[in-house]
Visitor: 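Below are the structure tokens for one structure; questions will follow.
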There are 2 protein chains.
Amino acid sequence: MNDLCTKEKILKTARVLFADHGFEGTSVRDIAKIAEVNVASLNYHFSSKENLFKEIVTQGFGECAAEMKAYCSAHNPRLEDAIVHLFQYFLGSSHDLVTRFKILMSVKHSQHFSVGTEDENFGPPGGKIIAEMIAAEAGRPVSQEDMAFALGTLYAHITQVALIHHCLYKNVPMEKYPYRSVEALEKGVRRLTALILADLNTSKV
Amino acid sequence: MNDLCTKEKILKTARVLFADHGFEGTSVRDIAKIAEVNVASLNYHFSSKENLFKEIVTQGFGECAAEMKAYCSAHNPRLEDAIVHLFQYFLGSSHDLVTRFKILMSVKHSQHFSVGTEDENFGPPGGKIIAEMIAAEAGRPVSQEDMAFALGTLYAHITQVALIHHCLYKNVPMEKYPYRSVEALEKGVRRLTALILADLNTSKV
DNA sequence: GTCTATAAATAGATAGAC
DNA sequence: GTCTATCTATTTATAGAC
């Protein structure tokens, strides 16, 4: 932490605190104290608490979108691997996932961000490219209804499972919950993806 | 609103405000103003803001659990209908669902409630009875891993879909999003339930 | 039970010295 | 850029009259 400049310290600390306690539940004094910087430096660097939050959120969304784009370009993966990769990314950046959800559920902040919608920057990361994979790997033309079902079910699954893992099982000994281990969860993601694809292939057009 | 006593006005109003703006984002003054009661009455009836919140949460969880229990006793439904019923209940009480999720994601409040865990009162409503249905309708013995996958996937789907509907599509004209209508979503729930059951029936034991 | 008034703490933001 | 000190507003909670 000591080798980071003040601005970076604030960003790094606030990113976790906003996720853990929410925007209203986090005071600028909390951030300053834990980041070991002066309270006034927050307003100096970000002009307001609201603005600091927006920078953090935009940064998190940008990183996620960029990562998915890079992965797909580099590996040209099949649907199952792309979904698993996104799932793993959610697990690794689960603080951002939590913040994303808190924004979605906040009447105040959901107006400022388009999280959850079809928006290119704030929507489900890689939504378009994942949809193309589904269309390509389905054995037949995919209707709008089928696509909404397939895409919606896959995203719902990986976000929900990553969220539950972050909030309930991240710091719990896995001996008690073997089927909650990352490996088991990943296996479930693959299983569901295969199920959805098989359904698209076999059900009537 | 006028025929309600002060305590009921507070409960009814706070239940929505806590869901929309979160615990920290809602002040007792906001509640008093919208409920059209005096500020001091909140502390008189509930002794503290924290306690008011706990009463609301406990009430919501209790209603949900009781409703599922009553439905299953009365109709002795198959898995698909039970899941759809729970989904419809989530849609109808989506404010409570949002609060439930905010608690789950709050470091502070997740310690006071067991939301999301196997707890009988605060865990996934009807978890045990749904698990029994899955075991009964699967054509073979269901391993712990399979049960976790089936139960987890179904709950993840209906909670996530109900949540997204509440936050994004509840007050939006459905002409633009026909596949986001309640009917279409319900169809998706049935489709996924059938898929999961079929997978349990066909995959190797 | 309901009200007014107020206490006591904390919030975000800023002014000005260095 | 960083600090101390402070301003202003808002928070929860309470005391005491009615």
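Fair warning: this is a prediction, and the values are worked out from it, not measured in the lab. Order of the sequence lines sets the chain letters (A, B, ...), proteins ahead of strands, with each chain counted from 1.
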Visitor: Tell me: CG of B:D30 to P of D:dT10, nearest whole Å?
Guide: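 These atoms are roughly 11 Å apart.
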
Visitor: Closest to the A:V28 side chain: C:dT4, C:dG12, C:dT14?
Guide: C:dG12

Visitor: If I take atom CG in residue A:L42 and atom C1' in nucleotide D:dC3, what distance separates them, rounded to the nearest angstrom?
Guide: 14 Å

Visitor: For C:dA11, does either OP1 or OP2 sit under 4.0 Å from a side-chain N or O belonging to A:S27?
Guide: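 Checking A:S27 against C:dA11: at least one side-chain N or O falls below 4.0 Å of OP1 or OP2.
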
Visitor: Does a side chain donor of either B:S27 or B:D30 reach within less than 3.5 Å of an acceptor in the other side chain?
Guide: yes

Visitor: Measure CG/A:N43 against P/D:dT4 and give the value in whole Å, please.
Guide: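 It works out to 16 Å between those atoms.
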
Visitor: Using the side-chain heavy atoms of A:K49, tell me which of these nucleotides is nearest: C:dT2, C:dA15, C:dG12.
Guide: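 Looking only at side-chain atoms, A:K49 lies closest to C:dG12.
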
Visitor: Is A:K7 positioned over the aromatic face of A:F46, cation under 6.0 angstrom from the ring centre and no more than 45 degrees off axis?
Guide: yes

Visitor: Under 4.0 Å between a Lys/Arg side-chain N and an Asp/Glu carboxylate O for A:D20 and B:K108?
Guide: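 A salt bridge is absent here (no side-chain N lies under 4.0 Å from a carboxylate O).
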
Visitor: Round to the nearest Å and state the distance from B:F53 atom CZ to D:dT11 atom P.
Guide: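 Answer to the nearest Å: 18 Å.
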
Visitor: Between A:K9 (NZ) and D:dT2 (C1'), how many Å, whole number?
Guide: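 Answer to the nearest Å: 12 Å.
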
Visitor: Whole angstrom is fine here: how far is it from CZ in A:F46 over to P in D:dG1?
Guide: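 Between P of D:dG1 and CZ of A:F46: 11 Å.
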
Visitor: Which whole-number value in Å describes the distance from B:E24 CD to C:dT10 P?
Guide: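 That distance rounds to 15 Å.
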
Visitor: May I ask you to verify if any side-chain N or O of B:T6 is less than 4.0 angstrom from the OP1 or OP2 atom of C:dT2?
Guide: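 Looking at the OP1 and OP2 atoms of C:dT2, one of them is under 4.0 Å from a side-chain N or O of B:T6.
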
Visitor: Where the side chain of B:Y44 is concerned, which of D:dT4, D:dT14, C:dT2 is the nearest nucleotide?
Guide: C:dT2

Visitor: So how far is it from A:D96 CG to A:Q59 CD, rounded to the nearest 0.5 Å?
Guide: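 Those atoms lie 8.5 Å apart.
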
Visitor: Of the nucleotides C:dA13, C:dT2, D:dT4, which one has an atom closest to the side chain of A:R29?
Guide: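 Ranking C:dA13, C:dT2, D:dT4 by closest atom to the A:R29 side chain puts C:dA13 first.
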
Visitor: Provide, to the nearest angstrom, the distance between the CG atom belonging to B:L17 and the P atom belonging to D:dT11.
Guide: 13 Å

Visitor: Passes side-chain hydrogen bond (donor to acceptor under 3.5 Å, both in side chains), B:S93 versus B:E63? Steps please.
Guide: CA-CA 10 Å; B:S93 62; B:E63 283 173 18; over 6 Å; no

Visitor: For D:dG1 and A:N38 - does any side-chain N or O of the residue sit under 4.0 Å from the phosphate oxygens OP1/OP2?
Guide: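 For A:N38, the contact criterion (side-chain N or O under 4.0 Å from OP1 or OP2 of D:dG1) is not met.
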
